[in-house]
Structure formats: structure tokens, C-alpha cells
2 protein chains.
Amino acid sequence: MPSESELTAALTLSATQRMAILKALGEPRRLEIIERLSHTDQSSACTDLRACMPIAAATLSHHLKELESAGLIHITREGKFARLTLRREIWQAFLTDLGRL
Amino acid sequence: MPSESELTAALTLSATQRMAILKALGEPRRLEIIERLSHTDQSSACTDLRACMPIAAATLSHHLKELESAGLIHITREGKFARLTLRREIWQAFLTDLGRL
DNA sequence: TCGACATTTCGATAACTGTCGAATTGATGT
DNA sequence: ACATCAATTCGACAGTTATCGAAATGTCGA
């Protein structure tokens, strides 16, 4: 659960964060969610995802919580819906981190 | 053993390969193995790894098989020992792949 | 207020996987 | 041949997790 200084400074991930992200991505549906979010700039509600994935609402919710606690996505509630956004700074930091390995 | 085309051409991973790699990395000990192999250019036998990791031989063997079948490492047997090498072309392709995501 | 809808939480279950000890295979040196 | 060592395979077990249905929570419109 990283804070919010990631907008300005170049972010470095802790070993724990790196592991959490890798674990989160090691799941086909979660990777697909990230892929989808990375392609569309402004998506979306869980419903949108469920339209594309044969998955129960409870399961999707579980995966989203996992991605959120790994720090990869941000979930904001807007009325009935949950807006999901990829945290691109984190993603970038993750890639940089792996590149340094 | 990487073929000639792997050495010259830019390697593209299939979605299956990408998933296999992510799954393989989503395990602390396996990530540590990869990290270790990436640092030392020409390591090493399983024994070397076991010296640094409190892990049973059977467990290590299991993890190595996993890494190998994900395509991340190459195992060649030399006498009693197994020489482990990181397949850097694959690793590079993996990073590139994630960057394109 | 009421009913419909989106999402989360809960509890249970099935599948997966990391772990180890024991037995096995294969190589080396005596 | 034998003993020893490195590594793999096997079988079992424990912990983890993906999955779902059902119930709960929260939101909006009528």
C-alpha cells in the first residue's frame, strides 16, 4: 500500500512490492485485467470486465482486491460503479525494477 | 540451447510463454534464483544455491524444473553437477514484452 | 419507500503447489 | 566392485488460492 509521492519522484519498489506484483500477475485473469486497463485509457466498471470475461462477480471482486493491494490498480467508487485505473507510475517502476534485476 | 535465430532476431513471446514466466517468477525462491543467476555470469551448481538457501534438494530441483519449463533457465549436466544459466535472450524478450503490454 | 442493479463479503469447496523424506539414478574416485 | 556425492523422482502432506452461491451493502430512479 504505497503512498502518493509516486507522482513526482521516480519510484523504487521494495522487494516485497515487487514480489506482490509478480504474484498478482501470475494469474491469467489478473494479467488480462491489467492488459485491458492498459489499453483503454479510461476504463471501467467491473461490469465492463464481466462482459468480456466469463467470471462470477465475487471472483472478479477478489482479483481486483488482489491487484489493488499489490498496488497495480486504483479503485474509486462512483455511485453504483467502481472505476478502475491502472497505476502507470507503479507499472513503470515495476518494469524499471525488473530491468535492473 | 538457443538456436541461431534466437541470437539474431528479436524474440517474441507467446501469451502462454509470458504467463508461464510470470507464474514462475511469482515465487520468492524462484525469483531469488533468477536474481542470483543474473548477477553471476557463470553460475552454478544446485549445491551453490543450496549453500545460500535453506531448502531441501528435492524442493530446489522442483523449482529449477519450473524455471526451465518456463524457458528462463537452461540446465546442462556436467558430470555430477548441473550447470544453470539464465537465458538472457528470453529474459530480454520478456521485459520487452511486458513493456509493450 | 420500494425495487433493481453494482459490488463486496462470507463460507465452503476443489484444485493447485511448495515442501520434505525416502528411494533412485548417475557419476566420480578409491 | 564399492562407497560417496549430486541431482532427480516419487508419494504424501500442509498451506494457499481461485472459484462460486448466497447474503449483505450501497446506490439510484420511480
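Here is the naming used below: chain letters follow the sequence lines, and residue numbers restart at 1 for every chain. Just so it is clear, the values below take in all heavy atoms, side chains as well, and ignore hydrogens, waters and symmetry mates.
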If we check side-chain hydrogen bond (donor to acceptor under 3.5 Å, both in side chains) with Glu32(A), which of these qualifies: Arg36(A), Arg30(A), Arg29(A)?
Arg36(A)
Under 4.0 Å, heavy atom to any atom of DNA chain C: which of residues 51-66 of chain A qualify?
Ala57(A), Ala58(A), Ser61(A), Lys65(A)
Can you pull out every ring-ring contact (aromatic ring centres under 6.0 Å, His included) where at least one residue sits in residues 80-99 of chain A? Sequence neighbours excluded, please.
Trp91(A)-Phe94(A)
Apply side chain to side chain contact (heavy atoms under 4.5 Å, CB included) to [X] and list each qualifying residue two or more places apart in sequence or on a separate chain.
X: Ala20(B); value: Ala70(B)
X: Arg77(B); value: none
X: Thr59(A); value: Ile55(A), Ala56(A), His63(A)

Heavy atoms within less than 4.0 Å of DNA chain D: which residues of residues 26-34 of chain B have one? Give them sorted by number.
none
Can you name the side-chain hydrogen bond (donor to acceptor under 3.5 Å, both in side chains) partners of [X], sequence neighbours left out?
X: His62(B); result: none
X: Glu27(A); result: none
X: Glu66(B); result: none
X: Glu68(B); result: none

Start and end of the DNA chain D segment that chain B contacts, any atom under 4.0 Å from a heavy atom
dC5(D) to dT9(D)
Could you state the CG-C1' distance from Leu49(A) to dT8(C), rounded to the nearest angstrom?
16 Å
Does Gln92(A) offer a backbone N or O that forms a donor-acceptor pair with the side chain of Thr96(A) under 3.5 Å?
yes
So which protein N/O to nucleotides 23-30 of chain C N/O distances come out below 3.5 Å?
none

Side-chain contact, heavy-atom cut-off 4.5 Å: Thr76(B) with Thr85(B)?
no
For Met19(A) and Leu25(B) the tightest heavy-atom approach is CE-O, 3.1 Å
